[in-house]
There are 2 protein chains.
Amino acid sequence: MRADARKNHDHLLAVAGAVITEQGVDASLRDIARRADVGLATLLRHFPTREALLDALLRTSFDELTTKAAELETSSSPEDALVSWLRDFVACARDYRGVVTSMMTAIEDTQSALHASCVTMRASGTRLLARAQAEGTARSDIDGTDLFALAGSLAWLGDQPSLAPRADHLFDVVTSAILTSAGNSNAEAERRPRARG
Amino acid sequence: MRADARKNHDHLLAVAGAVITEQGVDASLRDIARRADVGLATLLRHFPTREALLDALLRTSFDELTTKAAELETSSSPEDALVSWLRDFVACARDYRGVVTSMMTAIEDTQSALHASCVTMRASGTRLLARAQAEGTARSDIDGTDLFALAGSLAWLGDQPSLAPRADHLFDVVTSAILTSAGNSNAEAERRPRARG
DNA sequence: ACCTGAACACCGTTCAAGT
DNA sequence: ACCTGAACACCGTTCAAGT
């Protein structure tokens, strides 16, 4: 890549990250190009679709998440590893409002520029789920696609501004449906009612 | 309302219902007006915002849901009533792709034309939740807003075409996190692993 | 190689003019 | 009262022309 092209590429990515953090994944591409002091056609030349741009923006987070999932497979208990991965996934999706819906669409669309990344993510989660299931700490009647769906629904909850104050609590509730360990059972929650703000 | 206006109103509602069922809540208003053989300005005169149109479209379902919730309060066991209401809510939201996100936005926006309907819905759910909590069949550390959020996340899952085949299963998983009864406990799910397609 | 302005077919909003 | 065409400021896509 030519030096000027490289510079445009990196600058566009930085500006797009800022704009999409502000406005969500449906932000105007024209606006991004404008803020980057570049023609709209130049943005489209570097990132031919909105999803290609999203994939580039998420690349770093995705790669980190994949690496971390591999580490968790050996460094943590199966249960902690699974919950930790879920937490990371949700945190990563929260960076860009609406991105989890794009991901759920992309994972079923082989043509999407986001497809491969999503498949990799789901595979990481699937491995951690299987390990927890083998240990008996995750319910056995869900598979990797179910887990990815539940992770997605958690990210969707995290996307709703009105639910921000209770995002952690809702995370615990849904996670308790995935786990089977006593510490997260509903009976336990029943015994120790938690004060709400 | 004048006769011709009434006719336009009803016709627009019917056409809008069809188009939004096909294309989701972000369907082009211009397209709806075009298909109704009416000027775009006429559509906007009857329904000044997209949310006003959505509210009108959902009015019937909303009212039925509210009525049914009141009936469930006396006719069913607290647990069955709560699950039944959740199921109806999800079914109603599935009519229009993306509507649950509009609802979650609207319930925090007093100005939204959808606001009042959403508040009523949440109140219905809250009453059913409280009854189940009093009986001990719903976990005590969630409130009506949490329930509405979880119902929303279930509707979001139902919105994803790729998850359609497992929508019922995911409903059961999330519902098991809300309920505390033995028949839905994770331990029980663990004992009777369920075959997946 | 890479960039860009302009043309294109869309969108929702607004309003003066028509019946 | 109610309807509408047209003007407006947007949007993403495409491509011939420039450097």
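To find a chain, count down the sequence lines: A is the first, B the second, and so on, and within it residues start at 1. Worth saying up front: this structure is predicted, and the values here are computed from it rather than measured.
- Side-chain contact annotation: B:S140 with B:Q133, donor-acceptor N/O pair under 3.5 Å absent.
- OP1 or OP2 of C:dC2 has not a single side-chain nitrogen or oxygen of A:H46 nearer than 4.0 Å.
- Taking 4.0 angstrom as the limit, A:R30 places none of its side-chain polar atoms (N or O) nearer than this to OP1 or OP2 of D:dC10.
- Proximity of B:N8 to the phosphate of D:dC3: a side-chain N or O atom is located under 4.0 Å from OP1 or OP2.
- Looking only at distances, no side-chain donor or acceptor of B:D172 sits under 3.5 Å from a matching main-chain atom of B:H169.
- Under a 3.5 Å cut-off, the side chain of A:S76 and the backbone N or O of A:L72 do not form any donor-acceptor pair.
- B:A5 comes within 4.0 angstrom of sugar-phosphate atoms only, judged by non-hydrogen atoms across all strands, and of no base.
- Under 3.5 Å, the side chains of B:E135 and B:T137 contain a donor-acceptor pair of N or O atoms.
- Close to C:dC10, at under 4.0 Å from its OP1 or OP2, lies no side-chain N or O of B:S28.
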Dot-bracket for DNA chain D, please. Rules: Watson-Crick or G-U, both distances under 3.5 Å, ( ) within the strand, [ ] when a pair crosses earlier ones, | for another strand, . otherwise. ||.|||||...|||||.||
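- We find that CZ of B:R45 is positioned 10 Å from P of D:dT4, with the value rounded to whole Å.
- Put simply, A:R34 has a side-chain N or O that comes within less than 4.0 Å of OP1 or OP2 on D:dC11.
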